[in-house]
There are 2 protein chains.
Amino acid sequence: MSELKPPSFVSAQMVADRAGVSRSAVSRTFTDGASVSEATRRKVLEAADALGYHVNHLARGLRERSNIVCLVVADMTTPIRARMVDVLTRKLQASGKITMVINTETDTESVSAALRQTLNYRADATVVLSGTPPASLIETCISNGQQVILINRDERLQGSSSLGVDNAMAGREALFLLRRAGCERLGLITSNARTASLVEREAVFVEAAAAEGLQVVVTEAGPTSYESGQEAARRVFGRSEAPDGVFCVTDLLALGFMDVARRDFGLAIPDDLCVVGFDDIEQAGWASYQLTTFRQPLNPMADEVVDLLLQPQRAVSERRMIEPIPVWRRSVRPGKR
Amino acid sequence: MSELKPPSFVSAQMVADRAGVSRSAVSRTFTDGASVSEATRRKVLEAADALGYHVNHLARGLRERSNIVCLVVADMTTPIRARMVDVLTRKLQASGKITMVINTETDTESVSAALRQTLNYRADATVVLSGTPPASLIETCISNGQQVILINRDERLQGSSSLGVDNAMAGREALFLLRRAGCERLGLITSNARTASLVEREAVFVEAAAAEGLQVVVTEAGPTSYESGQEAARRVFGRSEAPDGVFCVTDLLALGFMDVARRDFGLAIPDDLCVVGFDDIEQAGWASYQLTTFRQPLNPMADEVVDLLLQPQRAVSERRMIEPIPVWRRSVRPGKR
DNA sequence: AAAGCGATTGCACACAAGTGCATTTCTTCG
DNA sequence: CGAAGAAATGCACTTGTGTGCAATCGCTTT
């Protein structure tokens, strides 16, 4: 039989009609702790099943929390970002939230538009993985009762809680590793993204080197990518004085850098050149690279996010710092040559 | 105990009060084509701005389409999946939709739970990238007026529209490439995922080889991953009769396979061994691999999805096939040795 | 000035839920 | 058998929108 009515979602009213009870009874059947007799509950569940009823979370979200969390993210295809999104969606789901992903550019205008979307959908919280939203907009979010959590972003934005890895530690430790390997001519490879995190890793590394009386040649190629790493290597080894120890502020940069150093300039790693990365993306562990790097502990970070969500009062202006975990592989010599 | 009013979202009513107009006027101000005088519109916009008002899309979604699209996906960290999610979220956003990501396992029970979530949030459509939902649940979605679009899934699920790359073409072409390179002892590497797509690539490759009187040694390692590719290589080259031409049904498998073949068994690619992959993930183009493979045309696929969303009537039980694009790199010889 | 007419505006309802409160039903005990 | 108490139920209101319908406003025309 062909239906006249266009298909549409089945509501609690329809279930109530079919079960011969009031709509309230249906509502209570699907609400924990509400008072419903076993008999009605059975009738309701049966009718709901027959009609294919599903509670409308949108309508529910009108009165109480929506249970929606927005993830504002750029460069999703980057391995580290993909993992972040993966881990976060998993943990958020496990704690009863649903994730909306807003794929954006990193410029302020795009991020602002993303934040506004976040408000449009009454998200309980927004987690920002990329870009830096304007303070005024964050304030709007917060005055609307929405939490804002920044990950690896510029710290100290009034009212938002923020969360990041200890870049300074990585910068110092990277220098230590390269020096222990006996590297004398140090290089640093970074991208033009100029993120707070990247800048800090660079600054601390350069500073720590200066403290030992060493100068660092800093090379900034294009965006944070494999190709930029390649480009940086071409530039670095095209010069007269080539480095023998390099800290790449990102694994992707490191991998591109290594490939060109080895293939185009015939350098052996770690014999002629030591390389340290940051992130510990999957590819860093591949046999072709075996990159020594610092792991962003994504699971603990995601746990922290969930924790902040569950205790909103904790969240105000708090800044949590997480230690990256050194991962020793073969791109740095264990001792001097 | 004097409770401060908890911060909450500002509603159209508040804006109306402040602007001294009716709530309808506010609603009309934010509705295209509605009739509002320039004067009230200005007053409303001013009040809205002052209060930080944002239209509640949840409430809007009660009456009309929610503009929510759910993406059901597993293995998000896999480069190909990450790119799919990236491209899809981008294109969906561009056409005014918002994406909810449901990160799931591939087993039927998890996928079913994901589909139910989809219904709970009144998504206009669900796009399934992983796993195979039970037909009954798809039917429920459709009878609720929700579109279901399956990508690279088992075809022919009543009522859903489905979309996939031409695996048969890839299987045939892979054989052609290897034969042209003069490979005599053929191997095929697959995972234990047993997806329809993977199975088809395998079947067609084996069949095409049989048509030329050649037998293919099929190796199935663990899940679809780099590590499984490594494992497969260890097994394959541990045997007496090693292949000189291999089709890996996935780039990730291919990369792991290549690394072990070269590093642990000293094989030169493409001189001693030719390798063909599938997907064209970013890493396939890296200098260390230069893998010849087939690109999944993600942009056209995403365009197709958006197209199906905008023309729901088209969507019923349609199956669209997209040709993968051969990408010739250096893992296969251009001619016989 | 009155009528005509189109552009605005507000009322009230619909959408789909949860819940306080009053009412009804059931259970249990005296 | 009746009353007290507990459990179950339904009514009506709430959440924030969009919109049909009727009323009103302002302007033009005769």
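All heavy atoms count here, side chains included; hydrogens, waters and symmetry mates do not. These numbers come from a predicted model, not from an experiment. Quick note on labels: first sequence line is chain A, next is B, and so on, each numbered from 1.
With no hydrogens or angles considered, no side-chain donor-acceptor pair links S161(B) and Q147(B) at under 3.5 Å. Between the side chains of T29(B) and R41(B), no donor-acceptor pair of N or O atoms lies under 3.5 Å.
In terms of phosphate contacts, S37(B) brings a side-chain nitrogen or oxygen within less than 4.0 Å of OP1 or OP2 of dT9(C). In this structure, R63(A) does not reach the dT14(D) phosphate: none of its side-chain N or O atoms is under 4.0 Å from OP1 or OP2. One finds a side-chain N or O of S35(A) lying less than 4.0 angstrom from the OP1 or OP2 phosphate oxygen of dA8(D). Between dA16(C) and R60(B), no contact under 4.0 Å exists linking OP1 or OP2 to a side-chain N or O. Residue Y121(B) places no side-chain N or O under 4.0 Å from the OP1 or OP2 atom of dA17(C). Distances shorter than 4.0 Å separate some side-chain N or O of S27(A) from OP1 or OP2 on dG18(C). Side-chain N/O atoms of R122(B) include one lying less than 4.0 angstrom from OP1 or OP2 on dA17(C). Contact annotation: T40(A) reaches the phosphate of dT9(D) (side-chain N/O to OP1 or OP2, under 4.0 Å).
Rounded to an integer number of Å, the gap from CG of D32(A) to P of dT19(C) is 11 Å. Straight-line distance from the CD atom of E38(A) to the C1' atom of dT27(C): 17 Å, rounded to whole Å. A straight line from NE2 of H54(B) to C1' of dT15(D) spans 19 Å, rounded to a whole angstrom. Between L62(B) atom CG and dT15(D) atom P there is a gap of 14 Å when expressed in whole angstrom units. Here the C1' atom of nucleotide dG16(D) and the CZ atom of R23(B) are 7 Å apart, to the nearest Å. Across the protein-nucleic acid pair, F9(B) atom CZ and dT14(D) atom P stand 21 Å apart, rounded to whole Å. A straight line from NE2 of H57(A) to P of dA16(C) spans 16 Å, rounded to a whole angstrom. Per the geometry, CZ belonging to F30(B) stands 13 Å off C1' belonging to dG16(D), to the nearest Å.
Listed for the D75(A) side chain is no donor-acceptor partner under 3.5 Å among the backbone atoms of T78(A). Counting only distance, with no hydrogens or angles, the side chain of S197(A) and the backbone of N152(A) share a donor-acceptor pair below 3.5 Å.
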(message) side chain to side chain contact (heavy atoms under 4.5 Å, CB included) for Y53(B) and L119(A)? Distances and angles first, verdict last.
(response) CA-CA 9 Å; Y53(B) 170 70; L119(A) 290 168; over 6 Å; no
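The side chain of V55(A) lies closest to dG18(C) when the candidates are dG10(C), dG18(C), dG10(D). Distance from the side chain of E64(B) is smallest to dG18(D) among dG10(C), dG18(D), dT19(C).
Enclosure of atom CZ in R83(B) is not indicated, since only 12 or fewer non-hydrogen atoms of other residues, nucleotides or ligands lie within 6.0 angstrom.
In the interface, the side chain of S11(A) is not paired with the base of dC15(C) through any donor and acceptor atom under 3.5 Å apart.
Within the nucleic acid shown, T31(A) comes within 4.0 Å of sugar-phosphate atoms alone, with no base atom in reach, counting heavy atoms only. Counting non-hydrogen atoms under 4.0 angstrom, Q13(B) reaches nothing in the nucleic acid.
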